[in-house]
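Since this is a predicted model, take the numbers as computed values, not measurements. In listed order, ligands and their atoms are each counted from 1. Along the sequence shown, residues carry numbers from 1.
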Amino acid sequence: MEKGRKNSSKNSSAMCLEQFVSTMAPLLDLEKEAEISASMTSGATRTLDASQKKGSTILNLKCVDAQTGLMGKSLLEFQSTKGDVLPAHKFGIHDVVVLKPNKADLGSPPLGQGVVYRLKDSSITAAFDDIPEEGLNSPLRLEKVANEVTYRRMKDTLIQLSKGVLRGPAADLVPVLFGERPPTVSKKDVTFSLFNTNLDHSQKDAISKALSSKNIFLLHGPPGTGKTTTVVEIILQEVKRGSKILACAASNIAVDNIVERLVPHRVKLVRVGHPARLLPQVLDSALDAQVLRGDNSSLANDIRKEMKALNGKLLKTKDKNSRRDIRRELKTLSKEERKRQVLAVADVIKSSDVVLTTLTGALSRKLEGTSFDLVIIDEAAQALEIACWIALLKGSRCILAGDHLQLPPTIQSVEAEKKGLGRTLFERLADLYGDEVMSMLTVQYRMHELIMTWSSKELYNSKIEAHPCVAAHMLYDLEGAQFHWAID
Ligand SMILES: Nc1ncnc2c1ncn2[C@@H]1O[C@H](COP(=O)(O)OP(=O)(O)OP(=O)(O)O)[C@@H](O)[C@H]1O
């Protein structure tokens, strides 16, 4: 879906950093409040039944299966105690949920917090860090909670921006993105040989400009023009040049899409994110999977075994001095185990040329202290500007890919939207610098020429052409398509 052409003035695009922080902080609070009241058991929903009617709680559940295996996470499957289909609800895959005894008070502490992993008509499966020690044999309920981590991370990023970022990795990038310093490009011609030799002229041109950019490049990709294909080629070229890259998008699916396309090229990459939120086909690239395969992780395992044996010994030992010695040894081992775990994660991150995560995932503690030569954000025109900054503060150069002429990100708070929360960084920079930093892909590979013509004329100055492989493509050309004509 396309939105109308914007008439944004250059002035509003050249918003200064201080203005950005002071405008966005209250808007973020409004959005958080709107999301909380829409999604969870809020003050307005004072009874459990009302909360279930609203779709934010599922009552009367029983745990029918508990499995470990998703990289150390435990998958618990719940069904209705009556064994029927679940009541109507608003739980979705990847939502954060808490598990509580069915009748516990609304504000009572949970047995555990997890992430929805699988949803069927009659069951819901969530991934928990550990299997709760008790309470699983009694009736249970699941409550959907607002993902406050996302807001906390955006707020933390605003605070970081407000304190000034003069010494961080993005010290030279920030002034360019706020219009205080002009963007620059390399004076030397860039030469490269393509990994994907099928790329068209507009894609090659964009790659050349992206590789020449010293701080910012916007890859403008109208629908089906191969934006992600081009992003993947840019990543491959940058890895070849020796860059360390942080590749992000607002959604998990968009990140996984890039991972899937990079894997065949045998790039050293790692996908950072909760395993329950990743596509099964990219799990092998997940940080947790790679950590489990590492040397430090098996050392940590050995230490855990040793600690288990010592704990057993502690239970049997009566002598005070021996007990003190065992406790001391346990403390040392526990410290060593934590150290090995941290080292195992650091090893994987350090040895990866490309780290891929969602924008909010970029503020994961696992990436603390890691900086990047390049931050690439796909689907940047569907991401809040504040969310982009979470990733941007980790790098000295950035490439944003997206299409600011399509729908902007969804904002729950009408007031926050009116006041500009939904205005994206991509759009702001496109208005601020235009073609100086931007290149548009102009060949589309998805639709018949006639379908494309309207949007091309209305939104893209008639610059889009259909590739011959789709220009005259009809539905009945699709392999396996069957048509049944209804005749009155
Ligand atoms: N140069 C090319 N030659 C042939 N096919 C291509 C080329 N570039 C892209 N495609 C094909 O076009 C389709 C769309 O590509 P891709 O997913 O990269 O586009 P996109 O712009 O990211 O899509 P979206 O509009 O969903 O954001 C894919 O099937 C891809 O293989």
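To the nearest 0.5 Å, the span separating NE2 on H404 from CZ on F426 amounts to 6.0 Å.
Residue N198 has at least one heavy-atom neighbour below 4.0 Å for each of these atoms of ligand 1: 1 (N), 2 (C), 3 (N). Which parts of ligand 1 touch P223 is read off a 4.0 Å heavy-atom cut-off, strictly below it: atoms 25 (O). Atoms of ligand 1 lying under 4.0 Å from at least one heavy atom of D200, given by number and element, are 1 (N).
Closest to atom 19 (O) of ligand 1 by heavy atom, among G402, A254, G226, A401, is G226. Taking each of E379, K227, R261, Q203 in turn, the one with a heavy atom nearest to atom 17 (O) of ligand 1 proves to be R261.
Ionic pairing of R152 and D156 is not present here: no N-O contact between side-chain nitrogen and carboxylate oxygen is shorter than 4.0 angstrom.
Under the rule for a side-chain contact (heavy atoms from CB on, under 4.5 Å), the partners of P169 that lie at least two apart in sequence or sit in another chain are S371.
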Salt bridge (Lys or Arg N to Asp or Glu O under 4.0 Å) for D353 and K240? Distances and angles first, verdict last. CA-CA 10 Å; D353 291 329; K240 196 172 160 192; over 6 Å; no
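Protein heavy atom in closest approach to atom 13 (C) of ligand 1: Y445 CB, 4.2 Å. The protein non-hydrogen atom at the shortest distance from atom 31 (O) of ligand 1 is T229 OG1, 4.5 Å. Annotation: atom 14 (C) of ligand 1 to nearest protein heavy atom, R446 NH2, 3.7 Å.
Taking only nitrogen or oxygen atoms, main chain and side chain alike, G224 reaches within less than 3.5 Å of ligand 1. Close N/O approach between G221 and ligand 1 is not found [any backbone or side-chain N/O within under 3.5 Å].
Shown here, atom 29 (O) of ligand 1 is out of close reach of the protein: none of its heavy atoms lies under 4.0 Å off. There is a protein heavy atom less than 4.0 angstrom from atom 21 (O) of ligand 1.
Counted by atom type alone, E77 and S123 present one or more donor-acceptor pairs between their side chains at under 3.5 Å. Counting only N and O atoms by type, the side chains of Y151 and D29 include no donor and acceptor under 3.5 Å apart.
For K366, the NZ atom sits in a loose shell: 12 or fewer heavy atoms of surrounding residues, nucleotides or ligands are nearer than 6.0 Å.
For K244 (side chain) and S352 (main-chain N/O), a donor-acceptor pair under 3.5 Å exists by modelled atom type.
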